Amino acid sequence: DAKTTQPPSMDCAEGRAANLPCNHSTISGNEYVYWYRQIHSQGPQYIIHGLKNNETNEMASLIITEDRKSSTLILPHATLRDTAVYYCIVRFHNYGQNFVFGPGTRLSVLP
Amino acid sequence: DGGITQSPKYLFRKEGQNVTLSCEQNLNHDAMYWYRQDPGQGLRLIYYSQIVNDFQKGDIAEGYSVSREKKESFPLTVTSAQKNPTAFYLCASSIWDSEAFFGQGTRLTVV
């Protein structure tokens with residue numbers, strides 16, 4: 001079973017920041033938080049991952065709370081092309097560890 | 001270009017037939033995965049392999065079989081024992097301490 005909880009859907013106005021929350025209250029000290037997104041009928045696309053510190057790349061920022069029990073993915077200026085299902089995953093960096101997907105959050109960016 | 005390739009994109013199967021879905025990667029990744037996705041649902045793990053000549057069942061392995069004879073290849077056979085095979089199938093690969101890369105998927109339909 002997925003070890004994360006996400007809202008089933010969210011809306012965001014085009015050009016505004018999209019903040020997608022994820023709860024992972026049972027996360028272990030060595031588990032990383034990963035974010036993927038899936039546009040309809042395509043393979044999931046990796047966005048970002050982190051352990052403790054906040055992370056930023058060209059796509060998004062990942063904010064992890066100090067207790068690591070939740071995180072937020074931030075798309076700073078959402079566009080219509082960011083409409084997708086966003087998945088939050090926790091995973092050990094050990095041999096044999098899989099990526100367990102939950103139902104994710106369906107983000108709709110509105111014009 | 002490096003990446004992971006699934007073929008075919010669309011596949012039609014008659015009831016009672018076995019079909020094999022191809023997945024090839026040139027990323028030199030040790031781990032490979034097969035997921036199934038039903039409409040409006042998240043991804044469910046069918047099989048995974050961490051190394052050549054070794055693979056493990058995921059959550060929904062019944063009616064499926066795999067092989068891992070080469071590092072680059074991880075074909076999935078959907079057998080006649082799979083009672084509801086119509087779905088979107090996704091293959092992925094990774095190294096143990098980083099993100100997984102996904103193919104673009106194969107949509108299988110039983111006719």
Side-chain angles (χ1 to χ4, degrees), chain A residues 1-9 20 22 24 28-52 55 57-60 62 73 83-108, chain B residues 2-7 9-10 21 23-25 27 29-52 54-61 68 74 87-109:
Chain A
D1 292 338
K3 297 173 63 175
T4 61
T5 304
Q6 300 176 251
S9 63
L20 292 95
C22 179
H24 30 79
S28 300
N30 294 325
E31 284 187 298
Y32 286 72
V33 179
Y34 280 78
W35 282 85
Y36 282 80
R37 72 180 183 185
Q38 186 178 25
I39 296 169
H40 182 63
S41 296
Q42 297 184 20
Q45 177 189 23
Y46 166 78
I47 301 173
I48 199 167
H49 75 280
L51 181 62
K52 297 180 182 177
E55 302 287 344
N57 63 20
E58 65 277 5
M59 289 183 67
L62 173 60
L73 179 75
T83 293
V85 177
Y86 287 77
Y87 298 99
C88 171
I89 298 165
V90 294
R91 175 180 182 251
F92 284 105
H93 278 183
N94 287 339
Y95 181 88
Q97 292 300 310
N98 298 309
F99 293 83
V100 180
F101 286 77
T105 295
R106 183 172 299 278
L107 175 68
S108 298
Chain B
I4 183 163
T5 302
Q6 291 186 241
S7 62
K9 188 172 183 178
Y10 299 96
L21 283 59
C23 179
E24 304 278 334
Q25 54 99 0
L27 300 167
H29 287 170
D30 287 317
M32 297 187 74
Y33 316 83
W34 274 105
Y35 292 88
R36 168 181 172 141
Q37 188 173 36
D38 293 288
Q41 305 297 313
L43 282 69
R44 292 185 291 168
L45 183 66
I46 305 172
Y47 268 98
Y48 63 99
S49 168
Q50 296 292 341
I51 197 169
V52 173
D54 184 57
F55 47 83
Q56 305 295 327
K57 292 182 179 180
D59 299 321
I60 56 166
R68 187 85 186 276
F74 192 40
F88 188 46
Y89 291 88
L90 287 156
C91 180
S93 70
S94 75
I95 55 177
W96 66 273
D97 64 347
S98 193
E99 70 268 26
F101 292 82
F102 282 81
Q104 288 305 299
T106 293
R107 191 166 298 279
L108 173 64
T109 303

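Lettering follows sequence order; numbering is per chain, from 1. What you see is a predicted model; the values in this text were computed from it and never measured.
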Around atom CZ of B/R107, are there more than 12 heavy atoms from other residues, nucleotides or ligands closer than 6.0 Å?
yes
Do B/L90 and A/Q42 come close enough that some side-chain heavy atom pair is under 4.5 Å?
no
Does the A/R91 side chain pair with the main chain of B/S98, one donor and one acceptor, at a distance under 3.5 Å?
yes
Out of curiosity, A/F99 CZ to B/E99 CD, how far, rounded to the nearest 0.5 Å?
7.5 Å
Taking atom CG of A/N98 and atom OH of B/Y47, what is their separation to the nearest 0.5 Å?
13.5 Å
Using a heavy-atom distance cut-off of less than 4.5 Å, which residues of residues 28-39 of chain A contact chain B?
A/Y34, A/Y36, A/Q38
Looking at every heavy atom in both A/P44 and B/L43, which two are closest together, and how far apart are they?
CG-CD2, 3.9 Å
Of B/Q37, B/Q41, B/R44, the largest count of non-hydrogen pairs under 4.5 angstrom with chain A goes to B/Q37
Close side-chain approach of B/Q104 and A/S41, heavy atoms under 4.5 Å:
no
Applying a strict 4.5 Å limit to non-hydrogen atoms, the region of B/Q56 in contact with chain A is neither
Under a 4.5 Å heavy-atom cut-off, does chain A meet the side chain of B/A31, its backbone, both or neither?
neither
Verify ring-ring contact (aromatic ring centres under 6.0 Å, His included) between B/F102 and A/F101, making sure each step is shown before the conclusion.
CA-CA 13 Å; B/F102 282 81; A/F101 286 77; 5.7 Å; yes
Examine whether an atom of B/S49 lies under 4.5 Å from a heavy atom of chain A, and if so say whether it belongs to the side chain, the backbone or both; otherwise answer neither.
neither
